[in-house]
Amino acid sequence: MKINPIRGAHDLFGEEINKFNKIISEVKLVASQFSFNELITPIFEYSELFKKPLGEQSDVVLKEMYTFKDRNDDEITLRPEYTTPMIRAVISNGLLNNLPAKFFGTGQMFRRERPQKGRYRQFNQINFENFGSNDLFADIEIINLANIILKKILPNNNIKLHINSLGSRENLKDYKKILSNFFNENKNSLSRESIDKINSNPLRILDSKNKEDIEVVKKSPKLIEFLSKDNLKNYEEIKKCLINLEIPIYEDSTLVRGLDYYCNTVFEFKTDEIGSQDTLIGGGRYNGLIKTLGGKDLPGVGWAGGIERIMLLMDNVVNLNQYIHFAILDPEYKTHALKAYDFLIKNNYSVYWNYKFNLKKSLSIANEKNANYVVIIGESENINDNFSVKNLKNGNQEIKNLSNLLDVIK
RNA sequence: GCGAACGUAGCUCAGUUGGUUAGAGCGCGGCCUUGUGGUGGCCGAUGUCGGGGGUUCGAAUCCCCUCGUUCGCCCCA
């Protein structure tokens with residue numbers, strides 16, 4: 001019986017797990033530098049947590065969620081994104097008393113989409129959220145943080161920061177109405193997908209890749225003309241600060257984001273090196289969302305990054321695991337060998353033996369696996385209660401006993 | 001969810017008018033060399049030819065279904 005992994009789900013091992021772990025460790029390091037605390041939430045939640053905040057008409061809610069009934073008829077969903085569970089968690093645990101409250105987390109998300117490169121049904125995200133501040137410093141800080149993480153992991157790749165402002169929640173409401181009217185008047189020139197969105201989600205028409213749509217969008221009312229003076233001033237200042245931080249920005253008036261809860265600043269870090277799933281990190285401000293989920297009326301800003309997409313751009317991680325290889329020449333010497341094996345482990349060294357009794361093979365494997373030393377245990381070592389230690393880097397070999405074994409091993 | 005291409009050994013891939021027992025390189029195992037690696041030589045095993053069904057005397061090859069991967073659309077991380 002041969003059973004395959006579920007479509008769009010993958011096992012992680014070898015080079016891939018090295019990349020994965022490197023990302024996680026860099027993320028944790030930068031998070032602590034910026035004083036963000038780790039928060040891990042359950043992998044499933046009540047379905048209602050996602051429906052309203054993400055938008056009843058959004059594709060994620062409409063057709064991509066893994067939802068099922070529990071035995072007591074509770075409707076449960078495997079989390080398709082991390083922002084709403086994070087907010088639920090900070091409300092549930094009363095973590096919004098000291099503001100701003102800064103949290104990050106990593107973990108699996110689930111969306112039932114057609115898999116392709118950079119898009120999987122189970123995938124891993126990095127999430128950073130800053131709750132409780134409307135200060136533009138919070139926007140800048142969280143974008144800067146994303147940029148630093150990407151620069152550390154992918155120093156040589158061409159990644160662009162796309163940025164836009166959607167305006168306040170009220171502005172956005174007005175603009176959507178005007179946009180719906182405009183698109184209704186130009187219905188005949190739009191693609192079928194876009195026509196479906198005219199009333200439910202007209203913003204999404206703005207970032208359509210369809211050629212005819214793009215022509216219509218060119219003539220559409222521009223979002224920036226609807227921003228209030230305050231909004232505009234804020235947006236200009238954010239851009240200025242990002243430029244001062246030497247983060248090149250690309251102003252993208254068609255950048256709107258797919259989830260309903262965004263307003264004001266929205267941004268994406270994009271690359272042209274991995275095909276059509278090109279957003280590495282996406283996020284923005286979500287004032288009003290915390291209130292929607294039953295908390296206080298607090299603002300928030302955050303982003304999500306796709307670990308698998310970042311991995312696609314990474315070079316192999318050089319694994320410099322220093323270790324000591326064992327070469328045991330006969331089953332009889334196992335007891336003697338175990339003394340050194342155990343001694344080294346207890347002194348915090350890494351050891352490995354392949355359970356075979358062939359010296360040539362052992363040396364060959366030790367060489368391949370980049371061992372620093374080989375401890376050789378044969379007849380004479382067994383009789384004389386000592387160990388031969390070979391330095392693989394320079395070829396030197398010395399005989400030591402347990403008490404002075406560490407003299408030759410660094 | 002829509003359109004297209006692809007699926008042969010652990011990996012990268014050959015394999016045409018359908019014809020014995022399905023191949024190469026790398027890797028793997030053994031030996032040359034029963035105490036010395038990174039670079040030699042010889043030998044060997046790779047396998048439900050993604051899975052199921054059909055056509056045929058005969059299918060890796062043709063047809064249908066199915067699963068998976070990739071690319072584009074859609075969507076997004």
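Because the structure is predicted, anything quoted here is derived from the model rather than measured. Reminder, nothing fancy here: chain letters follow the sequence lines and each chain counts from 1. Note: hydrogens, waters and symmetry copies are ignored here, and every other heavy atom, side chains too, is used.
Using atom P as the reference point in both B/G7 and B/U12, the two lie 13 Å apart (nearest Å). Using C1' as the reference atom, B/G23 and B/C62 are 23 Å apart when rounded to the nearest Å. Between B/C11 and B/U48, the two P atoms lie 11 Å apart (nearest whole Å). Straight-line distance between the C1' atoms of B/U34 and B/G50: roughly 45 Å, to the nearest whole Å. Straight-line distance between the P atoms of B/U8 and B/G15: roughly 13 Å, to the nearest whole Å. Only the C1' atoms considered, B/U39 is 49 Å distant from B/G58, to the nearest whole Å. Taking atom C1' in both B/G72 and B/U16, one finds a spacing of 31 Å when rounded to whole Å. The same atom, C1', is picked in B/A24 and in B/C67; the two are 29 Å apart, to the nearest Å.
Taking only side-chain atoms of A/R111, from C-beta outward, the nucleotide of B/A77, B/U69, B/G35 with the closest atom is B/A77. Here the side chain of A/K209 is nearest to one of B/C74, B/A77, B/G37, namely B/C74. The side chain of A/K356 has B/G29 as its nearest neighbour among B/A77, B/C74, B/G29. Of the candidate nucleotides B/C76, B/G29, B/U36, B/G29 has the atom lying nearest to any side-chain atom of A/K361. For A/R114, taking side-chain heavy atoms from C-beta onward, the closest of the listed nucleotides B/G30, B/A77, B/A4 is B/A4. Comparing B/G35, B/A77, B/C74 against the side chain of A/E381 picks out B/G35 as the nearest. Of the candidates B/U70, B/C76, B/G35, B/G35 carries the atom nearest the A/S380 side chain, counting heavy atoms from C-beta on. For A/L363, taking side-chain heavy atoms from C-beta onward, the closest of the listed nucleotides B/A77, B/U69, B/G37 is B/G37. Ranking B/A77, B/G37, B/U69 by closeness to the A/K390 side chain, first place goes to B/G37.
For a distance-only test at 3.5 Å, the side chain of A/R192 fails to qualify as a donor-acceptor partner of the base of B/C73. In terms of polar N and O atoms assigned as donor or acceptor, the side chain of A/Q116 never comes within less than 3.5 Å of the base of B/U69 in a complementary pairing. Under 3.5 Å, the side chain of A/K360 and the base of B/U36 form no donor-acceptor pair of N or O atoms. Not a single donor-acceptor contact under 3.5 angstrom links the side-chain atoms of A/R204 to the base of B/C76. Side-chain N/O atoms of A/E368 and base N/O atoms of B/G27 include no donor-acceptor pair closer than 3.5 Å.
Between A/K117 and A/A371, the one whose closest nucleotide on RNA chain B sits nearer the 5' end is A/A371. Two residues, A/N210 and A/L280, neighbour RNA chain B, and the one matched to the more 5' nucleotide by heavy-atom proximity is A/N210.
The pair A/R204-A/D59 fails the salt-bridge criterion, with no side-chain N (NZ, NE, NH1 or NH2) lying under 4.0 Å from an Asp/Glu carboxylate O. The pair A/E215-A/K218 meets the salt-bridge criterion, since a charged nitrogen lies less than 4.0 angstrom from a carboxylate oxygen. One finds a salt bridge joining A/K19 and A/E16 here, because a Lys/Arg side-chain nitrogen approaches an Asp/Glu carboxylate oxygen to under 4.0 Å. Electrostatic pairing of A/R285 and A/D139 counts as a salt bridge here, judged by a charged N lying under 4.0 Å from a carboxylate O. We find that A/E141 and A/K102 are joined by a salt bridge, their nearest charged nitrogen and carboxylate oxygen being less than 4.0 Å apart. Of the charged side-chain nitrogens involved, none lies within less than 4.0 Å of a carboxylate oxygen, so that A/E45 and A/R79 do not count as a salt-bridged pair.
Side-chain contact of A/E81 with A/Q125: a donor-acceptor pair under 3.5 Å is absent, judged by distance alone.
Under 4.0 angstrom from either OP1 or OP2 of B/G68 there lies at least one side-chain N or O belonging to A/R7. At the phosphate of B/C73, OP1 or OP2 sits under 4.0 Å from a side-chain N or O atom of A/S276.
Within 4.0 Å (heavy atoms only), A/I307 reaches no atom of the nucleic acid at all. Backbone-only contact: A/G8 has heavy atoms under 4.0 Å from sugar-phosphate atoms and none from a base. Nucleic acid contact class of A/Y120 (heavy atoms, under 4.0 Å, all strands): base. Among the protein residues, A/S362 comes within range of no part of the nucleic acid, since none of its heavy atoms lies under 4.0 Å from any strand.
The distance from atom CG of A/L329 to atom P of B/G37 is 13 Å, rounded to the nearest whole Å.
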